[in-house]
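Per chain, numbering begins at 1; letters A, B, ... match sequence-line order.
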Amino acid sequence: MKFKQHSVLPGFNLSLGYSMLYLSLIVLLPLAALISKSLGLSWAQFWATVSEPRVVATYQVTFGASLLAALINLFVGLLIAWVLVRYPFPGKRFIDALVDLPFALPTAVAGIALATLYAPNGLLGEPLEKLGIKIAFTPAGIVLALTFITLPFVVRTVQPVLEDMERELEEAASSLGATRWQIFSQVILPTIFPALLTGFTLAFARAIGEFGSVIFIAGNMPFKSEITPLMIISKLEQYDYLGATAIAVVMLLVSFALLLLINGLQWWMAKRLGRRK
Amino acid sequence: MATTTRSLATTEAPWIRYTLTTLALALITLLLIVPLLSVFYEALHQGWQLYQDSLLESDALAAIKLTLIVAAISLPLNLVFGVAAAWAIAKFDFKGKSILITLIDLPFAVSPVVAGLIYVLLFGAHGWWGPWLAEHDIKIIFAVPGIVLATVFVTFPFVARELIPLMEAQGSEEEQAALVLGASGWQTFWHVTLPNIKWGLLYGVILANARAMGEFGAVSVVSGHIRGMTNTIPLHVEILYNEYNFVGAFACASILALLALATLAIKSYIEWRTEQQAAEDRKHATEE
């Protein structure tokens with residue numbers, strides 16, 4: 001097979017060449033610099049840096065909080081998508097648009113707003129404190145910030161699938177005697193499952209790398225509420241470039257693995273939905 | 001509406017519908033609306049005068065100016081790339097296309113902090129080209145070029161991502177017709193392709209702009225936080241907040257919140273337009 005199929009349209013060499021050059025300069029070369037810098041470390045040094053107890057504690061906090069936030073959004077996102085697609089209510093267009101707020105609102109703004117709201121003297125933090133619940137400056141605050149930041153993912157992956165679902169399937173199930181709950185759990189849920197899983201993974205991947213919204217509310221106490229991206233920053237502030245690089249490589253590998261997983265999930269989703277049509 | 005006449009076979013009992021709707025709206029209020037409103041409340045609750053003074057203070061103005069400059073440089077760069085990449089990917093078939101698409105998405109998968117770090121490793125004092133840059137007195141890290149680079153990285157995929165599926169769906173019959181009628185490649189692009197993709201282009205640019213003006217993590221690593229010099233609005237917000245100047249921090253944050261609301265409004269408008277257009281196209285198709 002030839003590299004390129006014949007086409008009458010011009011500009012292939014120019015557009016592909018420019019895209020490749022720009023991609024290489026902005027994305028690939030800097031990422032290569034990171035990998036090459038990390039090769040300056042011996043395996044033992046690398047391992048010692050990334051398995052330092054304080055760093056390991058940040059993995060636990062980051063992964064735990066991200067997993068929890070993605071799980072919360074699995075349910076919240078499904079509920080919001082369901083209500084937006086299936087039930088009429090006033091102001092629906094406005095609410096639908098508002099769901100994307102976390103994508104449009106700068107993370108630092110979300111961070112200071114949540115930290116102020118849920119601080120012990122804040123509008124919501126004060127009543128919660130009386131109930132004995134502390135959110136700001138604890139790991140719960142991290143989960144809250146990550147839940148905010150990743151809220152749109154599940155909604156936006158599930159919503160179009162729910163919209164395209166054929167009612168005939170539900171009618172058929174109903175005429176065969178299925179209850180509404182059976183229809184939901186055995187007809188609707190399997191259809192939207194790949195979308196749910198994709199949204200969940202996208203939310204998790206985003207939460208792992210999140211920085212701006214978290215640092216204001218986390219309190220950043222070593223071994224308790226420090227996230228991994230913060231570790232990179234604090235190593236950099238101590239001019240420990242190799243240490244920062246080693247941790248960044250770990251994060252990069254996790255990101256790549258999640259990216260591959262997401263691509264696989266989307267392929268699976270397209271295949272499943274395509275087969276149904 | 002179809003939803004009100006639907007039989008119980010494909011919907012739930014009214015009490016379930018009301019409960020679920022109320023629950024969803026309550027969650028949206030608590031998670032999204034309350035934090036958004038609190039930004040404006042915190043900014044304004046000590047009076048308009050203080051709000052105005054906080055925004056007109058020289059470091060705040062410098063931050064606003066820098067944010068606008070950074071967006072004005074990084075957006076056109078990614079716009080040109082997005083159009084070029086979409087042209088190559090959507091209009092031609094070549095080997096390795098899906099790898100290229102994955103690579104374009106890469107910056108979205110990388111943590112913002114790592115995005116900042118990679119430029120420090122290239123251009124920082126201890127980086128690959130650090131010594132050479134120092135010799136020639138060129139400052140990239142802890143200066144405006146570094147902030148621009150980090151911003152370009154985090155907003156890299158937006159335009160390309162919006163245009164690739166759009167241009168793939170449109171096919172290339174119209175371009176082929178223009179070429180057969182004797183138009184040059186550039187004429188075809190300006191008069192045929194560009195009008196077809198302008199709304200998708202705007203959509204991508206609007207989203208990229210929101211991210212460019214609001215980016216925190218990546219920019220924070222390369223900026224050096226020099227007041228009045230290398231602070232964008234989000235970094236200025238952080239400094240004010242950490243100095244317990246809450247009114248100042250929330251005043252600057254409120255500009256960004258307004259930007260977010262404007263972004264959502266324009267985004268919804270474009271989506272609404274696209275839907276109208278699609279409905280009209282379907283109508284024409286059935287009439288024919």
**OP:** Report yes if some heavy atom in the side chain of Phe92(B) is under 4.5 Å from a heavy atom in the side chain of His6(A); otherwise report no.
**Re:** no

**OP:** Could you tell me which portion of Leu259(A) (side chain, backbone, both or neither) has an atom closer than 4.5 angstrom to a non-hydrogen atom of chain B?
**Re:** side chain

**OP:** Tell me, for Leu124(A) versus chain B, whether the close heavy atoms (under 4.5 Å) come from the side chain, the backbone, both or neither.
**Re:** side chain

**OP:** Quick one: closest heavy-atom pair of Phe216(B) and Ala108(A), and the distance?
**Re:** CD1-CB, 3.7 Å

Original post:
For Trp128(B) and Leu29(A), which heavy atoms make the closest approach, and how far apart are they?
Top reply: CZ3-CD1, 4.3 Å

Subject >> Segment of Leu28(A) engaging chain B (4.5 angstrom heavy-atom cut-off) >> reply: side chain

Original post:
Tell me, side chain or backbone of Glu42(B) under 4.5 Å from chain A's heavy atoms, or both, or neither?
Top reply: side chain

Original post:
Any side-chain heavy atom of Thr263(B) sitting closer than 4.5 Å to one from Phe103(A)?
Top reply: no

Subject >> Option that, when pairs with chain A are counted at under 4.5 Å, heavy atom only, ranks first among Val152(B), Thr188(B), Leu77(B), Ile104(B) >> reply: Leu77(B)

**OP:** Answer with side chain, backbone, both or neither: which region of Leu117(A) has an atom nearer than 4.5 Å to a non-hydrogen atom of chain B?
**Re:** side chain

Original post:
Side chain, backbone, both or neither: which part of Leu236(A) has an atom under 4.5 Å from a heavy atom of chain B?
Top reply: side chain

Original post:
How close do Ala97(A) and Ser268(B) get, heavy atom to heavy atom, and via which atoms?
Top reply: CB-OG, 3.1 Å

**OP:** Evaluate the ring planes of Phe3(A) and Phe94(B), with Trp represented by its six-membered ring, and classify them as parallel (under 30°), tilted (30 to 60°) or perpendicular (over 60°).
**Re:** tilted

Original post:
With respect to chain A, which residue among Pro234(B), Ser38(B), Gly124(B) yields the maximal number of heavy-atom pairs within a distance under 4.5 Å?
Top reply: Ser38(B)

Original post:
Under a 4.5 Å heavy-atom cut-off, does chain B meet the side chain of Thr116(A), its backbone, both or neither?
Top reply: both

Subject >> Under 4.5 Å from any heavy atom of chain B - which part of Arg206(A) >> reply: neither

Original post:
Phe89(A) versus chain B, heavy atoms under 4.5 Å apart: side chain, backbone, both or neither?
Top reply: side chain

Original post:
With respect to chain B, which residue among Arg93(A), Glu237(A), Lys37(A) yields the maximal number of heavy-atom pairs within a distance under 4.5 Å?
Top reply: Arg93(A)

Subject >> Heavy-atom closest contact (Leu179(B) atom, Pro10(A) atom, distance) >> reply: CD1-CD, 3.6 Å

Subject >> Nearest heavy atoms of Val110(B) and Ser255(A), plus distance in Å >> reply: CA-OG, 4.4 Å

Original post:
If we only count heavy atoms from C-beta on, is the Glu238(B) to Ile215(A) side-chain gap below 4.5 Å?
Top reply: yes

Donor-acceptor contacts under 3.5 Å from residues 22-36 of chain B side chains, at least two apart:
unit_1	atom_1	unit_2	atom_2	d
Thr22(B)	OG1	Tyr18(B)	O	2.6
Thr29(B)	OG1	Leu25(B)	O	2.7

Subject >> For chain A, the option from Ala160(B), Ala109(B), Ala257(B) that forms the most heavy-atom pairs under 4.5 Å >> reply: Ala109(B)

Original post:
Do you know which of Ala210(B), Ala85(B), Ala262(B), Ser98(B) has the most heavy-atom pairs under 4.5 Å to chain A?
Top reply: Ala85(B)

**OP:** Identify which part of Trp82(A) has an atom lying under 4.5 Å from any heavy atom of chain B, answering side chain, backbone, both or neither.
**Re:** side chain

Subject >> Leu34(A), part contacting chain B, at a heavy-atom distance under 4.5 Å >> reply: both

Subject >> Pairing of Lys267(B) and Asp100(A) as salt bridge, 4.0 angstrom limit >> reply: yes

Subject >> Contact winner vs chain A - Ala125(B), Ala265(B), Ala84(B), heavy-atom pairs under 4.5 Å >> reply: Ala84(B)

**OP:** Considering only heavy atoms and a distance below 4.5 Å, find which of Ala178(A), Ala113(A), Gly209(A), Pro30(A) pairs most often with chain B.
**Re:** Pro30(A)

Subject >> Leu260(A), part contacting chain B, at a heavy-atom distance under 4.5 Å >> reply: neither

**OP:** Would you check if Val120(B) and Tyr241(A) make a side-chain contact, meaning some heavy-atom pair closer than 4.5 Å?
**Re:** yes

Subject >> Interchain contact, Ala110(A) with chain B, by part (heavy-atom threshold 4.5 Å) >> reply: neither

Original post:
Can you find a heavy atom in the side chain of Phe156(B) that is under 4.5 Å from one in the side chain of Val27(A)?
Top reply: yes

Subject >> Per-residue contact mode, Phe256(A) against chain B (heavy atom under 4.5 angstrom) >> reply: side chain

Original post:
Can you check side chain to side chain contact (heavy atoms under 4.5 Å, CB included) on Lys91(B) and Phe12(A), steps first, answer last?
Top reply: CA-CA 8 Å; Lys91(B) 304 284 183 191; Phe12(A) 176 73; over 6 Å; no

Original post:
Mind checking which of residues 244-252 of chain A sit less than 4.5 Å from chain B, heavy atom to heavy atom?
Top reply: Ala244(A), Thr245(A), Ala248(A), Met251(A), Leu252(A)

**OP:** Measure across Ala104(A) and Leu264(B) and return the closest heavy-atom pair with its distance rounded to 0.1 Å.
**Re:** CB-CD2, 4.0 Å

Original post:
Can you check whether Leu256(B) reaches Leu105(A) side chain to side chain, under 4.5 Å on heavy atoms?
Top reply: no

Original post:
For the ring pair Phe81(B) and Tyr18(A), is the centre-to-centre distance below 6.0 Å?
Top reply: no

Subject >> Residue pair Tyr119(B) / Ile26(A), side-chain heavy-atom distance below 4.5 Å >> reply: yes

Subject >> Identified side chain to side chain contact (heavy atoms under 4.5 Å, CB included) counterpart of Leu31(A) within the set Leu121(B), Leu103(B), Leu106(B) >> reply: Leu106(B)

Original post:
Distance from Lys97(B) atom NZ to Lys4(A) atom NZ, nearest 0.5 Å?
Top reply: 11.5 Å

Original post:
Do the side chains of Leu100(B) and Met20(A) get nearer than 4.5 Å, heavy atoms only?
Top reply: yes

Original post:
Atom CD1 of Ile233(A) and atom CG of Leu117(B): how far apart are they, to the nearest 0.5 Å?
Top reply: 9.0 Å

**OP:** Go through Leu16(A), Ile112(A), Ile232(A) and name the one with the most non-hydrogen pairs under 4.5 angstrom from chain B.
**Re:** Ile112(A)

**OP:** Go through the steps to decide whether Tyr87(A) and Glu12(B) satisfy the test side chain to side chain contact (heavy atoms under 4.5 Å, CB included), and finish with yes or no.
**Re:** CA-CA 10 Å; Tyr87(A) 305 148; Glu12(B) 291 72 33; 2.5 Å; yes

Original post:
Above 12 or not: heavy atoms from other molecules or residues under 6.0 Å from CG of Leu176(A)?
Top reply: yes

Subject >> Contacting region of Trp186(B) [heavy-atom separation from chain A under 4.5 Å] >> reply: side chain

Original post:
Which of the residues Val237(B), Thr21(B), Val83(B), Ile16(B) is involved in the greatest number of heavy-atom pairs with chain A at under 4.5 angstrom?
Top reply: Thr21(B)

